[in-house]
Amino acid sequence: MEFAILGPLEVRTRTGNRIRLGGARQERLLAALLLNPGGAVPVPRLVDAVWEERPPATADRQVRNLAGLLRRAFRKADPTGPPVLLTDGRGYRIPIDDHGLDARLFADTVARSRRTAAAGQQSAAAAGLREALSLWRGPVLDGLEGQLIDSGAVPLDELRLTAWEDCLDLDAALGRHRASIPELTGLVADHPLRERFVGQLMRALHASGRTADALTVHRRFTGRLAEELGLDPSPELRRLHLALLTAGVVPDPGPGSGGAGPSTGPPAAGARTAVPRTAVPRTAGGPVGPAEERDGTTRATAAARDDATARDDAGADPGPEAATAEGGHGPRPAVPARVPVPAQLPPSLATFTGREAELAALDAFAEAAAPPAPSSPGSRTGPGSTSSARICAVSGSAGIGKSTLVVQWAHRIRGRFPGGQLYADLHGFSAEPPLTPHAVLARFLRALGVPGEQVPGAPEEAAALYRSMLADRRVLVVLDNARSAEQVRPLLPAAPECLTVVTSRAGLAGLTVRDGARPLTLDLMPAPDAVALLDRVIGPRRARSEPAAVAELASVCGRLPLALAIAASRLAERPGRTVADHVAELRDSGNRLTALAIDDDAASAVRAALDLSYRTLPAAARTLFRLLSLAPGPGLTAAAAAALCGERVAVVRPVLDQLANAHLLTHEGGDQYRLHDLLRLYAAERAAAETGRAVSTAARERLGTWYLHHADAAARLLTPRRRRIPLGAPGPWYEPPAFTTAAGAQRWCESEHGRLLGMVRSAAEHGPDALAWRLPVVLWSYWFTGPHLEDREEAARLAVAAAVRAGDRYGEGQARNDLATALGALGRHDEMLAELRLARVLFAEIGDRVGEAHAIGNLGDHCLGTGAYGQARLHFQGALTLFRAQPEEHRDDWAVRVCETKLGVTAMLAGRAREAGEYLHRALELHRSTGDPVLEGITLFHLGDHLRRLDRPAEAAARLRQCLAVLDATTRNPRLRAEVLAALARLGEAAGPADGRGRPGGLAG
């Protein structure tokens, strides 16, 4: 087995196949064993590693079970291999001499390189140390937490840093000052209190003619050292600083000093906090995959070649070894021809978090695209293998983390590409003009060793030379921030050994269709990953002290990685500020997008990133994007979007697809689209700046009209032949809904519930008042059987307020009557009575006899709820008489059937069994004859209750099961369904689990 702990825990067989471990506990158990390679770890210590502070009572037995599971996994993966997990006394051990461990290989390589340095072979020693450092893929056991793991990682982390320091001292001795500056700058940023790195950077800057920059580095270090630790720099660093100030001779570094030479003794174990496991260095010599240089080119050779290239590029002296070889310091001989190995990947991000599913998808792509191994050295790919370009297109909205993900992954796998890594930011969505393919080709060709004057001027010839240069190499090409497939296509290698990854805010469907690219679309971070990212930047102690505020901050940032990083960085800059205060600032900010910016880096602001995407849109797409901010909620359908624009759906759908392709809108499948929170804020900002108030008002009214008429169509199916309020005709753009049954109407209402309530709120805030009261009144047919009692009450109160503002007494009467029924369903009977009295007076004053009859019938409901059955009977009979007295064209037949049902319920509750049966059976026939499944289900329930009271349980159960069948086939009515299930349970019927979505409420009305 090959074990890897210098990064995320990995186990591979001798043939390179990765073994998937069973879960976190098995990983922690294996990690504890690998941190003590070859030695036995007792079971109690393994218990601590797996559970830390709260182990279960059966922890010892569970550890043995976990060990057995690991054994079986290893045996299944490599049946003929040596044993992996051995029982040793009261514990377990892994016989590491029979297997491979990257930590042991790292330590052995470092020790060997130090012996080489002590023998005076500085170049080979530096190459060896680079080889050792390339084994690191991230922090030790990245992703696993715990005190045992943290303490076990300390010596490895410290050995890594001292090896890095030794390597950079060797580079300095070889004259590679200028080439080491970027690497040292990243190391100092990652380890700002590591004095030796600081001294090395100061020497490199001074040797490169940048003494002023070296003094700035010293000033920042001493200030931070004093502020955070209250310490002064070492005497060695003070002497170095004085020499730079006085232009004197720079002193040689002493052992163990800031900027010290190669260490020959064992590494000192520093404090764990000095080497945080979350800090993944951002330097070119950082972690790479364990399979680097597998094609026969050793790491040492490649590193030495890269060092020579860097030295020549920097114009540095060849160093003392070269001078000795030439017998003095005479002119340097010509450098022999060589093939350069580019390593152009940008630094990976130390705070990278999550994206496990996307990383796994990229890994699967790389493995699926890997060409078959040649049968012999130098053999070419056979005719049965793939010869097409291998491409992955990663797309997503601005700030979603495409580049960060791809660069992180590219560093993880770069060891598979000994031919090098090419990288270019194509500026497809940037303040700078997009790069032409020819400009990128010229850069790549120069990186591959083509002299600048020999780069072809014709784009086609440059592309042909580029493909020829890569024909026999295994190269990773990362094309970041692409504008279009046309910009990318000339940069694609043809060799099957090469891999190309493209990132873009556009979908790049052309690459998928014409070039066989595999698409990968990034969405917002899952909530746990977003919280983990904040935790990593602001520090776990601070995050754990305010877990609720951290979760809220992730939500306020819309789980957009760029916004999360900005918010976290602002918190990290202000250690005395609470997370809750920062959340409050973002929530209270008049413009959250302004708060999500970095003071000295305007290009990194969320708004700036979105601006670049928005400006590339065609005019029609920009207009629609702005109007989408007016929709009530983050999601909407294509038909609702068409209503916003006042167009037919067929006209608007292609524009929606343009926005989705630009990742400024998410297509959630079918007819559904969604704007995430920060995009919605940005769209509203653009609408305020670019869309006139009259245009916005008209768009809102069109959308409200669309919802109103769709809700009315649903009401006609849910409560057939019930009186309707006048609506007026919609515009010519309106297209009727697709649903034609009560079940379809119910499903539409449920799917649109949040947006319908949002539309009521929007109309109440922005107008018109006529819509703000009409929409809740129309929605009564859906809400009176639904579980959303609080929403129903809120909508009714908004309707009352809107009708009062408009001075519409008819609308006020309707709204108060509906508010009364909502209050009754909530059991607030005193408030219900007050509203009904007001509604009845309003209807009487305007002469609306049908409305008055509705109020009287609802007074009967109030009496039912308070046990006044005699009064209830009088109210229902009075309402029924008043309904029947109206002319046929004004009669409310639905209300008549409701009164028949309620008279039956009243008689049943009052103990008049025969009368109850007559009313309920007559009502059931009426509901069935008019095709009213809602009232049919309600009446079947009451018939079942009636039969139960008559001690006829079998007949009662039969009626209740009929009721369930009607509900399941049509509108479900969750509140009634819960009552039916409870009644069946009382009768001893096993009818399955309750729905649980609604509160039992009987017949609402």
Side-chain angles (χ1 to χ4, degrees), residues 24 142-143 145 276-280 349-359 396-405 408 521-599 601 604-610 629 633-635 663-666 668 674-685 754:
D142 194 17
E145 300 290 341
R277 296 179 62 224
T278 55
V280 180
L349 190 64
T351 55
F352 181 85
T353 304
R355 296 295 192 198
E356 294 301 325
E358 291 83 357
L359 288 169
S397 66
I400 205 73
K402 303 176 294 296
S403 301
T404 302
L405 168 71
Q408 183 80 11
T521 302
L522 298 194
D523 202 346
L524 300 173
M525 294 189 81
D529 287 352
V531 170
L533 174 58
L534 294 170
D535 185 323
R536 195 163 219 177
V537 177
I538 69 176
R541 180 178 300 177
R542 192 173 180 188
R544 289 169 192 158
S545 67
E546 296 181 84
V550 171
E552 189 177 3
L553 179 59
S555 176
V556 169
C557 291
R559 294 183 285 115
L560 186 72
L562 175 60
L564 291 165
I566 293 172
S569 68
R570 291 174 73 92
L571 271 172
E573 292 169 357
R574 306 172 187 175
R577 181 170 198 166
T578 67
V579 180
D581 285 345
H582 197 50
V583 170
E585 178 187 350
L586 288 174
R587 284 207 180 279
D588 295 341
S589 172
N591 194 332
R592 192 182 306 172
L593 295 176
T594 299
L596 290 172
I598 300 175
D599 295 338
D601 189 359
S604 296
V606 172
R607 180 187 288 111
L610 297 176
S629 67
H663 293 287
L664 288 171
L665 183 68
T666 301
E668 297 193 309
R674 174 175 59 88
L675 265 180
H676 73 66
D677 291 349
L678 295 181
L679 278 173
R680 183 175 170 81
L681 286 174
Y682 179 75
E685 184 178 273

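Not measured: the values here are computed from a predicted model.
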*Asks:* Under 4.5 Å between any side-chain heavy atoms of L522 and H663, yes or no?
*Replies:* no
*Asks:* V537 and S569: which non-hydrogen atoms are nearest, and at how many Å?
*Replies:* CG1-N, 4.1 Å
*Asks:* Which atom names give the shortest non-hydrogen contact between H582 and L553, and what distance separates them?
*Replies:* CD2-CD1, 4.1 Å
*Asks:* Considering non-hydrogen atoms only, spot the tightest contact between A567 and C557 and give its length.
*Replies:* CB-SG, 3.7 Å
*Asks:* If you measure from CG on D529 to CZ on R559, what distance do you get to the nearest 0.5 Å?
*Replies:* 10.0 Å
*Asks:* Find the distance between CD (E358) and CE (M525) and round it off to the nearest 0.5 Å.
*Replies:* 8.5 Å
*Asks:* With rounding to the nearest 0.5 Å, note down the distance linking CZ in R542 to CG in L571.
*Replies:* 5.0 Å
*Asks:* Can you name the closest pair of heavy atoms from A530 and A554 and give their distance?
*Replies:* CB-CB, 3.8 Å
*Asks:* Rounded at 0.5 Å granularity, tell me how far CG in L665 sits from CZ in R680.
*Replies:* 12.0 Å
*Asks:* Flag the pair E685 / R607 as yes when at least one side-chain heavy-atom distance between them is below 4.5 Å, and no otherwise.
*Replies:* yes
*Asks:* Mind checking the CD1-NE2 spacing from I400 to H676? Nearest 0.5 Å is all I need.
*Replies:* 5.5 Å
*Asks:* What are the two closest heavy atoms between D535 and P540, and how far apart are they?
*Replies:* OD1-CA, 3.0 Å
*Asks:* Between T404 and F352, what is the shortest heavy-atom contact and its length?
*Replies:* CG2-CD1, 3.6 Å
*Asks:* So does D581 pair up with R574, basic N to acidic O under 4.0 Å?
*Replies:* no
*Asks:* Counting C-beta onward and ignoring hydrogens, is there a side-chain heavy-atom pair between E585 and R577 closer than 4.5 Å?
*Replies:* yes
*Asks:* So do L560 and S397 actually touch side chain to side chain, heavy atoms under 4.5 Å?
*Replies:* yes
*Asks:* Would you mind checking if R587 and D677 are paired as a salt bridge, meaning a charged N to carboxylate O distance below 4.0 Å?
*Replies:* no
*Asks:* Please identify which of these residues, L524, L534, T353, meets the side chain to side chain contact (heavy atoms under 4.5 Å, CB included) condition with L564.
*Replies:* L534
*Asks:* How many angstroms lie between atom CG of L678 and atom CG of L562, to the nearest 0.5 angstrom?
*Replies:* 9.0 Å
